[in-house]
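I have placed the structure first, in the form of structure tokens, so that the comments after it can refer back to it.
All figures in this text were calculated on a predicted structure; none of them were measured in a lab.
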Amino acid sequence: MSTVKRHQKTIALFLFVTALLGCTDRRIPFTKVPVKINSSLPPQSLIEVADVKYDQKDTTVWTMVNKGDSIFLTGAPFGFARWEIGPNPENPQLTFAVATQIDLLKPRWIAPLYASGALAVLGSYAFMSGTAGASVMDMRNTGSAKEALRYPPYDENATQNSADDAFIWSAASFHPSRSVLYAFRQQDYVVTYTFDSSGLHLRSKDFYGGAGSTVCCVNASTVFNSSVYVAFRSRLVFFDFGGDLSLTNGREYEGLQANYVTSTARYLYVSHEPTTAASSSSVVYPAGIYVFDKQGNNVAYLPAHPKMFVVNDADTHVYANEDDMSVKIYRIQWTR
């Protein structure tokens with residue numbers, strides 16, 4: 001990279017951080033709404049068909065995203081990888097793993113620092129975050145991924161990696177039709193960015209709940225039926241997309257302690273794990289994955305308890321991290 005380009009990126013980052021620190025804090029209060037759980041639904045059968053490990057080693061998955069015929073994963077020991085599942089959803093094919101392509105990454109790219117939190121995919125770019133900041137991967141070469149941007153930017157003169165809270169996210173999702181990223185921090189706020197060829201640009205910062213409040217703790221997010229759903233572990237919250245592209249109209253489903261959430265074109269999948277605090281409520285739903293259609297109806301129940309998971313676009317297979325040892329693949333035996 002030329003010195004001019006490096007200076008341009010440094011200036012852009014300075015302007016971004018200045019805008020972030022100077023922007024007006026906004027709040028998104030949550031309105032409680034009832035959830036429609038059909039307690040009479042029989043559990044759907046899940047048939048284990050595969051147990052996948054990277055390079056035959058114990059495999060930990062930090063986060064997963066399904067896009068078309070691909071699953072994108074971050075974790076150890078592979079760092080960041082893509083699986084192709086279109087030809088055979090029960091036998092994923094590894095397209096790339098950055099653990100074998102370190103030469104395509106900038107120095108000091110360490111997976112926990114830049115890939116252990118959020119993961120979102122837009123076209124041929126993957127956006128991820130870890131304990132030190134965010135990394136943008138260019139995947140236009142389908143057999144590899146190289147780092148295009150890093151926030152904070154790599155400093156060849158620094159002796160260690162610096163961290164920046166503004167780029168430490170626990171979940172992230174893109175607007176369904178715009179290049180707008182919603183990056184959710186674990187407890188305090190969501191940052192809205194636009195993305196173009198020059199990088200990420202701040203639009204707004206919105207705090208969860210009322211003034212001065214924090215909400216624990218974001219685990220995952222997904223876009224479904226023109227809304228973004230966020231698993232806060234103790235609750236499931238969903239937002240509309242505002243005309244200014246910020247998130248509005250926060251609503252909280254009563255009775256669901258959402259440990260994880262994912263979606264396909266047809267269904268929203270919510271992993272519900274009741275907590276001790278929830279046991280005092282009037283209704284406590286059994287742990288498992290609850291499936292909802294676009295009308296908000298609970299159409300299925302899956303007897304599974306993954307740490308995280310995705311479902312392929314055909315709604316036929318679940319890919320789950322249950323024990324930080326492997327990815328289990330289950331075929332859904334749908335019964336109506």
Side-chain angles (χ1 to χ4, degrees), residues 44-101 104 111 115 119-128 136-146 148 172-174 176 220 222-224 260-269 271 289 291 293 299-300 302 304 306-336:
Q44 304 295 318
S45 298
L46 292 176
I47 303 170
E48 184 177 339
V49 293
D51 188 6
V52 183
K53 293 189 175 187
Y54 173 73
D55 199 23
Q56 304 303 312
K57 300 174 182 176
D58 289 347
T59 299
T60 299
V61 175
W62 295 321
T63 189
M64 313 169 72
V65 172
N66 60 308
K67 287 287 182 181
D69 288 337
S70 298
I71 295 177
F72 300 90
L73 314 92
T74 64
F78 55 89
F80 170 54
R82 173 183 176 263
W83 291 357
E84 185 178 4
I85 59 172
N88 185 349
E90 299 181 3
N91 184 27
Q93 298 301 303
L94 180 68
T95 303
F96 66 74
V98 299
T100 64
Q101 303 168 348
L104 298 176
L119 173 63
V121 175
L122 178 69
S124 298
Y125 291 91
F127 300 72
M128 57 198 72
V136 182
M137 293 286 182
D138 181 343
M139 305 180 294
R140 284 176 292 182
N141 182 344
T142 57
S144 66
K146 64 179 181 179
S173 291
F174 272 94
T222 190
V223 172
F224 175 72
Y260 207 78
V261 63
T262 189
S263 62
T264 64
R266 289 192 296 175
Y267 295 133
L268 177 74
Y269 294 80
S271 177
I289 297 173
V291 186
D293 64 14
V299 296
L302 306 180
K307 291 185 175 183
M308 63 192 60
F309 69 104
V310 295
V311 181
N312 67 333
D313 277 356
D315 296 287
T316 58
H317 290 79
V318 176
Y319 303 78
N321 169 20
E322 297 179 338
D323 54 12
D324 287 333
M325 301 289 287
S326 65
V327 175
K328 295 238 179 6
I329 304 177
Y330 294 93
R331 185 188 310 131
I332 306 175
Q333 195 72 36
W334 290 105
T335 57
R336 304 296 184 184

* Ion pair check, Asp293 and Arg266, cut-off under 4.0 Å -> no
* pair Pro306-Ile289: side-chain heavy atoms closer than 4.5 Å -> yes
* Asked: How about Thr95 and Arg82: does a side-chain donor come under 3.5 Å of a side-chain acceptor?
  -> yes
* **Side-chain donor/acceptor of Gln101 to backbone N/O of Gly143, under 3.5 Å** => yes
* Asked: Can you tell me if Thr63 uses its side chain to pair, donor with acceptor, with the backbone of Thr74 under 3.5 Å?
  -> no
* Asked: Is the shortest heavy-atom distance from the side chain of Asp138 to the side chain of Tyr125 under 4.5 Å?
  -> yes
* To do: Give the minimum heavy-atom separation between Val121 and Phe174, together with the two atoms involved.
  => O-CD1, 3.9 Å
* To do: Any chance you could lay out the side-chain contact (heavy atoms from CB on, under 4.5 Å) test for Asn312 and Asn66, step after step, and finish with the verdict?
  => CA-CA 7 Å; Asn312 67 333; Asn66 60 308; over 6 Å; no
* Closest heavy-atom pair and its distance - Ala120, Ala172 -> CB-O, 3.6 Å
* For Met64 and Thr262, what are the C-alpha separation, side-chain angles and deciding distance, and is it a side-chain contact (heavy atoms from CB on, under 4.5 Å)? -> CA-CA 9 Å; Met64 313 169 72; Thr262 189; over 6 Å; no
* Structure fact -> Distance col, row Glu48:CD vs Lys328:NZ, nearest 0.5 angstrom, shows 5.5 Å
* Asked: Can you name the closest pair of heavy atoms from Pro89 and Gly86 and give their distance?
  -> CD-O, 4.4 Å
* To do: Working to the nearest 0.5 Å, report the span between CD of Glu90 and CD1 of Ile47.
  => 9.0 Å
* To do: Any chance you could lay out the side-chain contact (heavy atoms from CB on, under 4.5 Å) test for Thr222 and Tyr260, step after step, and finish with the verdict?
  => CA-CA 10 Å; Thr222 190; Tyr260 207 78; over 6 Å; no
* Does Thr335 offer a backbone N or O that forms a donor-acceptor pair with the side chain of Gln44 under 3.5 Å? -> yes
* Structure fact -> CZ of Phe96 to CZ of Phe78, rounded to nearest 0.5 Å, is 10.5 Å
* Answer yes or no: is there a side-chain heavy-atom contact under 4.5 Å between Leu268 and Val261? => yes
* With the side chain counted from C-beta on, respond yes when Val52 and Thr59 share a heavy-atom pair under 4.5 Å apart, and no when they do not. => no
* To do: Would you sort out whether Phe80 and Met139 count as a side-chain contact (heavy atoms from CB on, under 4.5 Å), showing the intermediate values?
  => CA-CA 11 Å; Phe80 170 54; Met139 305 180 294; 3.7 Å; yes
* Pairwise distance CZ(Arg331) to CG(Leu46) - rounded to 0.5 angstrom -> 11.0 Å
* Asked: Should Leu73 and Tyr319 count as side-chain neighbours, where that means a heavy-atom distance under 4.5 Å?
  -> no
* Asked: Heavy-atom distance under 4.5 Å between the side chains of Asp315 and Tyr269, does that happen here?
  -> yes
* Kindly compute the distance separating CH2 (Trp62) from CG (Asp324), expressed to the nearest 0.5 Å. => 10.5 Å
* To do: Examine distances only and state if a side-chain atom of Asn321 and a backbone atom of Val61 form a donor-acceptor pair shorter than 3.5 Å.
  => yes
* To do: Would you check, one step at a time, whether the test ring pair (Phe, Tyr, Trp, His ring centres under 6.0 Å) holds for Phe224 with Tyr267?
  => CA-CA 8 Å; Phe224 175 72; Tyr267 295 133; 8.1 Å; no
* Closest heavy-atom pair and its distance - Pro92, Trp83 -> CB-CE3, 3.6 Å
* Does the side chain of Asp58 reach to within under 4.5 Å of the side chain of Lys53, using non-hydrogen atoms? -> yes
* Asked: Shortest non-hydrogen contact from Ala99 to Pro77?
  -> CB-O, 3.4 Å
* To do: Mind checking the CG-OG1 spacing from Leu94 to Thr100? Nearest 0.5 Å is all I need.
  => 7.5 Å
* So do the side chains of Val98 and Leu104 get within less than 4.5 Å of each other, counting heavy atoms only? -> no
